[in-house]
Protein chains: 2
Amino acid sequence: MKGETMEQLRTQLDEINMDLLRLLSRRADIVQRIGRVKQAQGVQRFDPLREKEMLDRIVSANPGPFDDSTIRHLFKQIFQASLQLQEEEKMHLLV
Amino acid sequence: MKGETMEQLRTQLDEINMDLLRLLSRRADIVQRIGRVKQAQGVQRFDPLREKEMLDRIVSANPGPFDDSTIRHLFKQIFQASLQLQEEEKMHLLV
């Protein structure tokens, strides 16, 4: 780890940003597909128990350096954005 | 993509959650190291221009389905959490 220049660290950061973008987009895609299955089955889209289970599992695997409350906050934002996406799609289907 | 069961989709989601956790943690680790280099150089930690450049690059690569404003929002949350981590570390070093 030692002796890394600022430029090397920033290059790593940029690569991770792109990996995060890819993963977030893949995640959103899967959430949309789950929404479609739920739609077909007539099941409620938002499942607070499932969301709580996911969050607990994520937080229990948190290796740091972010503390658990920060990880919980970031993933809640991700979950919320995904749910909005499902809602928008539902609106389009209804129109 | 067709014929995937809810369980298969949820398994994929759980795997992506763990990948996101790993990436977010690696990212936080790198941001901490950048903070230390800046500290040693006596440079200001928060660089709004660098943050804007990162955001623009991320948004311009956004493949969807999230819209650009959602991606911008999610990454701003990530940036903010990382900056807080740098600040906390700085406080510990000063105490």
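Every chain is numbered from 1, with letters handed out A, B, ... down the list of sequences. Here the structure is a predicted model, which means the values were calculated and not measured. Values below: all heavy atoms of this structure, side chains included; hydrogens, waters and symmetry mates excluded.
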Shortest non-hydrogen contact from B/F75 toward A/L21: CZ-N, 3.8 Å
Closest approach of B/L13 to A/M54 (non-hydrogen atoms, all atoms of both residues): CD2-SD, 4.0 Å
Holding to side chain to side chain contact (heavy atoms under 4.5 Å, CB included), I want the full list of residues that pass it with [X], two or more places apart in sequence or in another chain.
X     : value
B/R26 : A/I16, B/L23
A/R57 : A/R50, A/E53, B/D14, B/M18
B/E7  : B/T5

Between [X] and chain A, which part of the residue has a heavy atom less than 4.5 Å away: side chain, backbone, both or neither?
X     : answer
B/Q84 : neither
B/I58 : both
B/L85 : side chain
B/Q77 : both

Interatomic distance, B/I30 atom CD1 to A/E15 atom CD [nearest 0.5 angstrom]: 8.5 Å
Spacing of A/Q44 atom CD and A/Q39 atom CD [to the nearest 0.5 Å]: 11.0 Å
Residue-level interface, residues 65-72 of chain B with chain A, non-hydrogen cut-off under 4.5 Å: B/P65, B/F66, B/T70, B/I71
Part of A/Q80 within contact of chain B (heavy atom distance under 4.5 Å): neither
Contact class of A/I34 relative to chain B, heavy atoms under 4.5 angstrom: both
Greatest number of heavy atom pairs closer than 4.5 Å to chain B - which of A/L9, A/N62, A/L74, A/L24: A/L9
Criterion side-chain contact (heavy atoms from CB on, under 4.5 Å) against A/R36, the qualifying member of A/Q41, A/E89, A/Q86: A/E89
Stepwise salt bridge (Lys or Arg N to Asp or Glu O under 4.0 Å) check, A/E51 with A/K76: CA-CA 9 Å; A/E51 183 168 312; A/K76 272 191 181 172; over 6 Å; no
